[in-house]
Amino acid sequence: MAEFDWIDWLRERARESAARPDVGLGIGDDCALLDVPEGMQLAVSTDTLVAGVHFPPETAAADIGYKALAVNLSDLAAMGAEPAWFSLALTVPEMEWDWLRGFADGLLELAKEHDIALIGGDTTRGPLSITVTVHGLVPAGQALRRRGARVGDDIWITGSPGDAAAALRQLGGPMQSMKLRHRLNRPTPRVQAGLALRGLAHAAIDVSDGLAQDLGHILAASGVGAELDLGRLPVSSSLLDFFPDDDARWRLQLAGGDDYELCFTAPASEAFAIELAMAQLGVSASVIGHITAEPGLRCLRPDGGELVLEHAGYRHFEAHVH
Ligand code: ADP
Ligand code: MG
């Protein structure tokens, strides 16, 4: 299949999945032309997925497509930005129709769900790698940032972390949970939750590299510390089934990564409003600790003992135990 057949096909499919009036010119010219509404800021973010690094090589094409957009939508969610447009730089070893169609199915299924339009990209030959750039809209000055956490703030997490890391751990082993695997392959970007948190949260981040490490970014940017109450860390029933040992499970939840949940801080006075907003969206959210003046992150077991982490999360350029 020729590259241009693929682009023509993709253009049609993209149009069906999200037709937005603010796309002046989409796929087909040298640039896309987009209308940014008055008073809004453009929130832009890029994430790359590389085969064997960000997903196991045997991952289904549709799951790869889904995840490539999901991890980028998660960044928009963390800023409280509404998804608008995205571009796709796709590097594939060959133009294999079945793979491309599967990939586009997963990608555009999620695009449709969030009304985000594919407006351009690039298609090249090479080892499988997918780079998505998302563009979102946020009222000027209202984006959620990493800085802004204040001493005494509650620390919250959406959903329950650790499932994706657990699935990675199980890969190739005798015990594999389909539920955990699904969390790894199809993470849920918390876009609506992020929008609802504007004006409520002081600081926010999405958890991609591990809760401890990503919360650490909030702490560093805000010049504060934190205490986490491990007994309050929400846990899925599958994770509990497969990882009954508390310390081992907490380590997965704190340092595993690939969760794409939102970690945010907010004053206790907003706790009720947050509970209500999350309940209306059907998103679970839990307070798991609080911000302290003393710098650093302390993770406390229910008995008061501290769990010391050798690895706070995933780092591409360091030897680590995952
Ligand atoms: P150019 O050589 O001018 O960069 P291309 O041949 O790379 O043009 O792309 C032609 C059109 O198809 C452009 O509008 C580009 O944005 C779009 N396009 C190419 N690859 C993709 C892709 N993987 N996803 C979405 N749009 C793509
Ligand atoms: Mg090009």
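Below, all heavy atoms of this structure are taken into account, side chains as well, without hydrogens, waters or symmetry copies. When a ligand or atom number is given, it counts from 1 through the structure's own listing order.
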Single-linkage hydrophobic cluster L118~L76, side-chain heavy atoms < 4.5 angstrom:
yes
Taking 4.0 angstrom as the limit and counting only heavy atoms of F4, give me the atoms of ligand 1 inside it, by number and element.
6 (O)
N/O of G121 under 3.5 Å from N/O of ligand 1, yes or no?
yes
At a 4.0 Å threshold, what atoms of ligand 1 neighbour a non-hydrogen atom of G28?
11 (C), 13 (C), 14 (O)
Can you sort out which atoms of ligand 1 are near D29, meaning under 4.0 Å from one of its heavy atoms?
13 (C), 14 (O)
Ignoring hydrogens and angles, state whether a donor on the side chain of W6 or T123 is under 3.5 Å from an acceptor on the partner side chain.
yes
Steps toward salt bridge (Lys or Arg N to Asp or Glu O under 4.0 Å) verdict (D63, R186):
CA-CA 6 Å; D63 288 339; R186 298 218 167 199; 2.7 Å; yes
Give the atom numbers and elements of ligand 1 that come within less than 4.0 Å of a heavy atom of G120.
16 (O), 24 (N), 25 (C), 26 (N), 27 (C)
Looking at every non-hydrogen atom in both residues, tell me the closest pair between H54 and D258 and how far apart they are.
O-OD2, 4.3 Å
In terms of atom number and element, which parts of ligand 1 are under 4.0 angstrom from non-hydrogen atoms of L88?
22 (C), 23 (N), 24 (N)
Quick note on ligand 1: atoms under 4.0 Å from a heavy atom of I7 include exactly 12 (O), 19 (C), 20 (N)
Quick one: sort the W97 and W9 rings into parallel, tilted or perpendicular, breaks at 30° and 60°.
perpendicular
Ionic contact status for D98 with R101, cut-off 4.0 Å:
yes
Check ligand 1 against L10 and write out every atom of the ligand that is under 4.0 Å from a heavy-atom position of the residue.
22 (C), 24 (N), 25 (C)
Any N/O pair D30/ligand 1 closer than 3.5 Å:
yes
Any heavy atom of T123 under 4.0 Å from ligand 1? The part involved is both
Does a side-chain N-to-carboxylate-O contact under 4.0 Å join E306 and R301?
no
